[in-house]
Amino acid sequence: MQSFDFTVKNSRVLESYKVATFKGERYGCTLSLLFTIATLCLALYSSLISAEISMVEDKHLSAQQWLKKMQAAEGKENYRGTFVFMRGPISSTMSVVHRYQQGVEQERLKQLDGAMGEIIRTGTEVMCVFPDRKVVQIEQSPTSKSAASIFANFMPEQSEYDVSILGVDRMIERSCIKLGITAMDNDRYSYRLWLDQATGLLLKSTMLNAKGEELERFQYTQVEFPERIIDQELQAMNQGEVITHEVMPAIKAEISWPDKMMWEAGWTPKGYMKVNGAFKSGKNVMVFSDGLASYSVFVEALKNDAMPEGASQVGATIAYSHQKHYDEQQYNITVIGEIPAMTAMKIAESVQAVSAYKE
Amino acid sequence: MDKHLKESLSALMDEEANELELQRILSTEDKNEINACWTSYHLVRDVLRQSNSEIEHIDVSNVVSAALEADEQFDAPNISTENRRVESTAIKSRAVKSTSYNMRNLSALAASIAFIFAIFWQGEVNLPFEQQGPIVAGLNAEQGGFQEASISVRQPKMHDTMSVEHARQFNQYLLRHAEHSIRGTRSGLMPLARVASVNSVGI
């Protein structure tokens, strides 16, 4: 009996143990479930809090910080969209696909009006595919990489521009921050920028002259931010059977160009900085920027096909060509950039030959 | 323009015009003349207050120096060259401070400056500033101690139209310029969009 009792007792103990174990498992399951839910809630809550903080931070960004955010978005966001680009009376509709992957920017611009032309960019390499299936590629100049690193942290100075937040607006169903960048003198243009509040991407911009006339307008009509962009989207559609493929030199330096001949701009508008720091002899191109606008100065031996002297303008871009006689040789100086014609002329006419480059 | 009308305009500018003066201005038929005078008065006021950035850069020191040089040939042998260099931004104050000038030199200086401003008043600086060229000023003659100045305003020569070849050359420079501007700038897509928008002409 004892044994029975013992067995019964034991079996009861066993039962109660099993029940307890079962209950314990249940409690364990419940606890782990509760713990999981709590963790998820906490994660959700913290993400909401961080999103809210980010929104609050965004609301308190200064105009300069918005410019930095815009620059980061232009390079490091994946986006595709359609935009209208107007330069004076010329209007074009284009599509863009931009990808940032493994530290490399890739971009494809496609003309949607008239004959189809495309521009493919990988990093700083640019390839233009023209409607006649002519491919033009720009030779990489040593200035572009050094210029890029200097440009990266070069902010427009408050003494040259009045940079301010003009308010909140709405473009293509997205909330935007509108920035006003007003030139403080006549050597640069003014801008109005509409930045996507969520990403910082530039959704619309206008460039205005001193009289407030609009010289250039860029405006998205549709944009999306996909997580992933496949390689095919970045390939030229128009390339097909390429008729001609030419590599355009960054500067048409004459072979007989004296090796150590150097030129300099005698006058630089206030606030502009020479950004091609690694400038070497024989490559007579100079690039200047004030943090927003930039212009390039080319000095070349005069050829028959040189641009006619004077100013040629398309929208906000001016190209001023000036011929100069130096040391029994005729040179052509071309200033091109988004600057007023008067400023371009003064720069071009101030360019002069200086002493040879010293190693 | 009638002297009284000018006075009325001046009073209006100073917010001191009475009803009669206002009516005189409003009833004048030649509105262009009034506009020109109104613009000139504003320009002069800006210059005197040194708040006109459009003409701040104009350097008249060479003109004034040349005027003094020319005048010196007659009767101002003791004035140093350094004293004669008058910077455009400080021209009035320094002219006043230069007490060593004799009256004739001061007259010549005043005449030169007055002449230059008179040229502006006649409307040349009413052009949009972007279309103006650098001011090239020079004195070329003198008679009886007073200077006769010539001044020319040079504007950038603008090509209103471009031939296909000209447009291609423009595009080539545009492409090279874009190559320098694409990375790291705040221009975003703009440099390439500018190139793409001229695709119809080609390169």
Side-chain angles (χ1 to χ4, degrees), chain A residues 67 70-71 74 85 87 90 92 94 96 109 111 114-115 117 119 121 124 126 128 130-132 134 136 138 141 143-144 147-149 151-152 185-186 202 209-211 218 248 250 287 289 291-292 294 296 298 305 307-314 317 319-320 334 336-337 340-342 345-346, chain B residues 52-59 125 127-136 153-203:
Chain A
L67 282 177
M70 177 187 87
Q71 188 184 5
E74 295 283 352
F85 190 60
R87 317 178 70 198
I90 305 168
S92 315
M94 293 180 222
V96 61
L109 262 78
Q111 181 94 340
I119 292 182
R121 174 168 80 94
T124 54
V126 180
C128 302
F130 288 97
D132 54 3
K134 176 184 171 185
V136 177
I138 295 284
S141 76
T143 60
S144 58
S149 60
F151 269 134
D185 58 32
N186 287 295
L202 180 68
N209 67 13
K211 288 182 280 180
F218 164 90
M248 184 186 289
V287 187
S289 171
L292 277 174
S294 65
S296 305
F298 298 89
D305 61 351
M307 284 241 292
E309 276 198 284
S312 314
Q313 186 165 14
V314 178
T317 308
Y320 190 88
T334 306
I336 185 164
M342 176 73 173
M345 182 179 80
K346 287 196 290 187
Chain B
N52 191 318
S53 61
E54 291 184 356
I55 61 170
E56 268 179 5
H57 75 284
I58 299 169
D59 185 3
V125 289
L127 292 165
F129 188 70
E130 278 167 37
Q131 293 172 18
Q132 284 180 41
I135 308 294
V136 180
V153 178
R154 197 161 55 81
Q155 299 176 28
K157 182 184 172 187
M158 300 294 296
H159 297 287
D160 294 332
T161 55
M162 284 192 259
S163 65
V164 173
E165 189 51 38
H166 184 168
R168 280 180 197 276
Q169 288 158 351
F170 182 93
N171 294 346
Q172 287 186 14
Y173 283 111
L174 189 63
L175 189 52
R176 290 193 192 111
H177 172 60
E179 191 253 346
H180 298 136
S181 315
I182 46 176
R183 262 190 74 179
T185 68
R186 283 162 194 86
S187 313
L189 289 171
M190 244 64 83
L192 291 184
R194 288 184 192 114
V195 174
S197 71
V198 296
N199 262 350
S200 55
V201 181
I203 284 181

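These numbers were taken from a predicted model, which means no experiment stands behind them. Below, chain A is the first sequence line, B the second, and so on; all start at residue 1.
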Point to revise | Interchain contact, Ile336(A) with chain B, by part (heavy-atom threshold 4.5 Å) | key: both
**Study point:** Closest non-hydrogen atom pair, Leu175(B) against Cys128(A)
**Key:** CD1-SG, 3.6 Å
Practice item. Specify the closest pair of heavy atoms between Met345(A) and Pro156(B), including all atoms of both residues, with the distance to one decimal. Key: SD-CA, 3.6 Å
Check your understanding: Any sub-3.5 Å donor-acceptor pair from His177(B)'s side-chain atoms to Val287(A)'s backbone N or O?
Key -> no
Check your understanding: Side chains of Glu309(A) and Lys157(B): does their closest heavy-atom pair fall under 4.5 Å?
Key -> no
Review point. Are any of the side-chain heavy atoms of Pro308(A) and Gln169(B) separated by less than 4.5 Å?
Key: yes
Practice item. Could you list the residues that satisfy side chain to side chain donor-acceptor pair (under 3.5 Å) with His166(B), not counting sequence neighbours? Key: Ser312(A)
Point to revise | Steps toward side chain to side chain contact (heavy atoms under 4.5 Å, CB included) verdict (Met158(B), Gln313(A)) | key: CA-CA 8 Å; Met158(B) 300 294 296; Gln313(A) 186 165 14; 3.4 Å; yes
Practice item. Identify which part of Thr317(A) has an atom lying under 4.5 Å from any heavy atom of chain B, answering side chain, backbone, both or neither. Key: both
**Study point:** Winner by heavy-atom pair count (cut-off under 4.5 Å) against chain B, out of Ala311(A), Gly337(A), Gly114(A)
**Key:** Ala311(A)
Exercise for review: Please state whether the side chain, the backbone, both or neither of Met307(A) comes within less than 4.5 Å of a heavy atom of chain B.
Suggested key: both
